[in-house]
Number of protein chains: 2
Amino acid sequence: MSMTARDTRGVVMFDVAKLAGVSQKTVSRVVNGAPHVRPEIRERVMAAVSELGYRPNVAARALVTQRTHVIGLLAVGTLLYGPAHRVFTLEQAARELGYELALASLPDISSDSFHHGIQSLLTRGVEGIILEVPTHLTDVDDATFGGLPVVTSIGKIPGVTHQTVINSNQREAGRLATQHLLDLGHETVFHVAGPLEWDVSQHRRDGWADTLAAAGRPVPPELLGDWSARSGYEAGRELAERDDVTAVFAANDHQAMGVMRAMAEAGRSIPADVSVVGFDDVPEAEFQMVPLTTVRTDSYSSSRRVLSELVALIEHGESTSEGIDVACELVVRRSTGRPPPHRRD
Amino acid sequence: MSMTARDTRGVVMFDVAKLAGVSQKTVSRVVNGAPHVRPEIRERVMAAVSELGYRPNVAARALVTQRTHVIGLLAVGTLLYGPAHRVFTLEQAARELGYELALASLPDISSDSFHHGIQSLLTRGVEGIILEVPTHLTDVDDATFGGLPVVTSIGKIPGVTHQTVINSNQREAGRLATQHLLDLGHETVFHVAGPLEWDVSQHRRDGWADTLAAAGRPVPPELLGDWSARSGYEAGRELAERDDVTAVFAANDHQAMGVMRAMAEAGRSIPADVSVVGFDDVPEAEFQMVPLTTVRTDSYSSSRRVLSELVALIEHGESTSEGIDVACELVVRRSTGRPPPHRRD
DNA sequence: TTGTGAGGAGCGAAGACCACT
DNA sequence: TAGTGGTCTTCGCTCCTCACA
């Protein structure tokens, strides 16, 4: 008589022990790969485990070991390419290190939902927290995170001790994009920023502004987008009205697409009349009707760094390194070129 | 003397009880909103809870209640727009119903990683499973899922009893797209399908083929993509070589973008020479240099349906409904138009 | 002695049951 | 008798202690 599926639920260690003719403790040893078990007995136990379809109860284990092996991720804007991509690479990195990810995606950028999210993670028993939210939300102290280690790629959080900051070099990335356009001969570069509540927006913008300033060029006021192609389109329409716009750096690829669309609609051709640079290198950027020049960051290795930092903090209570820099790279395609030869003064 | 952050970890119900001057059981009642507690005592307990920063231990609770309130999601291709979007809408829907999502994203479409994923979910103590993977992987029976309820939008799984199938109408969607192109006067429609291991690819393709057949039109062999813009581009280059191609239906928007790129490169203009329809209505589809005509499905309501089905199965052991249809809608933009007037025979 | 196994306590919370009003 | 609150047991597992080769 074989077990039915339903029965499987109720199989506990004791049942396995009984079937294998050993003590429950021995089963525990086998299941956890502990030493001091004769190979013969080990096999007998394993056989009983698979015969009964035994599966250890994580709740019971967590209760006694005081460990959950769960890492909390607090994120915003998970419907956007960047954040979504980040979630999945982090999830994969977590799995590789023997942890699971508990996701709390905030519905909006408010202090309320931030604290809600944190509470929810703490309640779920996470052992560490990854913060992928704007720092300005984090008017907090150690108590907010229940003393857990915190890792973030968005900048140092004042008042929190157990934290590591991964510098993903957004500023440098903004510099790369801008310098590329200047090198092509553009007088200056216009910028369609992301929402300024996001730290990355600020960093990319700062990189842009710094580069222009360093080159002694005028720094035009930036336009603001919300990461969407629509917002890029709207900004693009404004820019298309001015005939001194020959180069635009958008804070992400989707905004850049919107800019390109607006330019096309206004009869400005890309890159002959206007050059456009994006950010993210989304997979389809290369296959736009005008392939998009963009900046790519190594998000995989960044995620892996973030996670190994956090795991080190959790398991040894110490950080393996201080600031960590992640590489970024300019990918030049067809949407950028020399400025048009004839320009009014 | 206030508690430090670290101490917060060790606060248990008994501590709260002591501080409030009641029994542990009473604290339990208050925390769980159980009746038979005087308002006065309730408040006293609440005060103690927040003073100590008490937070219930999920593991202990799960152990005794035999409930985890966790739903498992098995998904593939989570880096793609469609699946990623689905994960986040499902996660939100789960939260709304008081559950959490445990995500297992498969690294590849193999039977091995499928079973690994399932095992991982079962070990995590999920109470139900959402399957977002190709059905052909599921050569399984009830035992595979530990007798847990299963919900899927990809089609009925043979051999599994506790399941509900949400029909997301992919076939109808393929029909919509194809009929739109025929209505515009195109002789026939070419198709760049997704990987045929994915059920949705098959359904969309079937909808396309059926429509052509029903209209008595030739059904050209479909080209195969892998969901990426690159694969769309490659298919597009093949199509661009033929001068009888005036209409293309791509199985997703990114493939459609690749097709458009290839056409542009070959000097075929859109929609004057070639019409292109995509699928998904990704947010940037509207803001492509030629805004993309596409098919949109209501993924939010679909996710909500999937989840409420599963929760009903978990909590009452029964399905609230049989097959469920989810709406889809054609969004006509600029990438489709009448076929070019002059065509060779 | 040193491996190898068994027995018992306890993790934190909830439910059955009992004891007061 | 109802409403309130407390006591004791239990969930499944791991660790500590101890017994046996």
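Quick note on labels: first sequence line is chain A, next is B, and so on, each numbered from 1. Computed from a prediction, not measured in an experiment: that's the story for all the values here.
For the pair Met13(A) CE and dA6(C) C1', the computed distance is 15 Å after rounding to whole Å. In this structure, CD1 of Ile41(A) is placed 8 Å from C1' of dT4(C), rounded to the nearest angstrom. Atom P of nucleotide dT9(D) and atom CZ of Phe14(B) are separated by 16 Å, given to the nearest angstrom. Distance CG (Asp15(A)) to C1' (dC11(D)): 14 Å, rounded to an integer number of Å. The NE2-C1' distance, from His36(B) to dG6(D), rounds to 14 Å in whole Å. The distance from atom CZ of Arg67(A) to atom C1' of dC15(D) is 16 Å, rounded to the nearest whole Å. When the P atom of dG3(C) is taken as reference, atom CZ of Arg42(A) falls 15 Å away, rounded to whole Å. Atoms CG (Leu63(A)) and C1' (dA13(C)) sit 8 Å apart, rounded to a whole Å.
Backbone-only contact: Pro56(B) has heavy atoms under 4.0 Å from sugar-phosphate atoms and none from a base. Counting non-hydrogen atoms under 4.0 angstrom, Val22(B) reaches the backbone sugars and phosphates but no base.
Residues Ser105(A) and Glu91(B) bring a donor and an acceptor atom of their side chains to less than 3.5 Å of each other. Checking Arg42(A) against Thr26(A) by side-chain atom types alone, no donor-acceptor pair falls below 3.5 Å. Between the side chains of Ser113(B) and Ser110(B), at least one donor N or O lies within less than 3.5 Å of an accepting N or O. In summary, the side chains of Thr89(B) and Arg304(B) do not present any donor paired with an acceptor at a separation below 3.5 Å, with no hydrogens or angles considered.
Among the nucleotides dA13(C), dA14(C), dC13(D), the one closest to any side-chain atom of Lys25(B) is dA14(C). Each of dC11(C), dA13(C), dG5(D) was ranked by its minimum atom distance to the side chain of Val12(B); first place goes to dA13(C). Nearest to the side-chain atoms of Asn57(A) among the listed nucleotides dC13(D), dT4(D), dC16(D) stands dC13(D). Among dA13(C), dT4(C), dG5(D), the nucleotide with an atom closest to any side-chain atom of Val37(B) is dG5(D). Here the side chain of Thr26(B) is nearest to one of dG5(D), dA14(C), dC13(D), namely dG5(D).
Phosphate proximity of dA13(C) to Asn32(B): absent, as no side-chain N or O sits under 4.0 Å from OP1 or OP2. Between dG5(C) and Arg38(A), a contact under 4.0 Å exists linking OP1 or OP2 to a side-chain N or O. The side chain of Ser28(B) contributes no N or O atom lying less than 4.0 Å from OP1 or OP2 of dA13(C). When the side-chain nitrogen and oxygen atoms of Gln66(A) are compared with OP1 and OP2 of dG12(C), one or more of them lie within a distance under 4.0 Å. The side chain of Arg29(B) places no N or O atom within less than 4.0 Å of a non-bridging phosphate oxygen (OP1 or OP2) of dG5(D).
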message = Quick one, Arg86(B) with Glu132(B), criterion salt bridge (charged side-chain N to carboxylate O under 4.0 Å, His left out). Give me CA distance, side-chain angles, the key distance, then yes/no.
response = CA-CA 9 Å; Arg86(B) 192 137 191 87; Glu132(B) 293 282 337; 2.8 Å; yes

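Tyr300(A) contributes atom OH, which lies 10.5 Å from atom CZ of Phe88(A) (distance to the nearest 0.5 angstrom).
For dA6(C), the base has no donor-acceptor partner in the side chain of Gln24(A) [N/O atoms by modelled type, under 3.5 angstrom].
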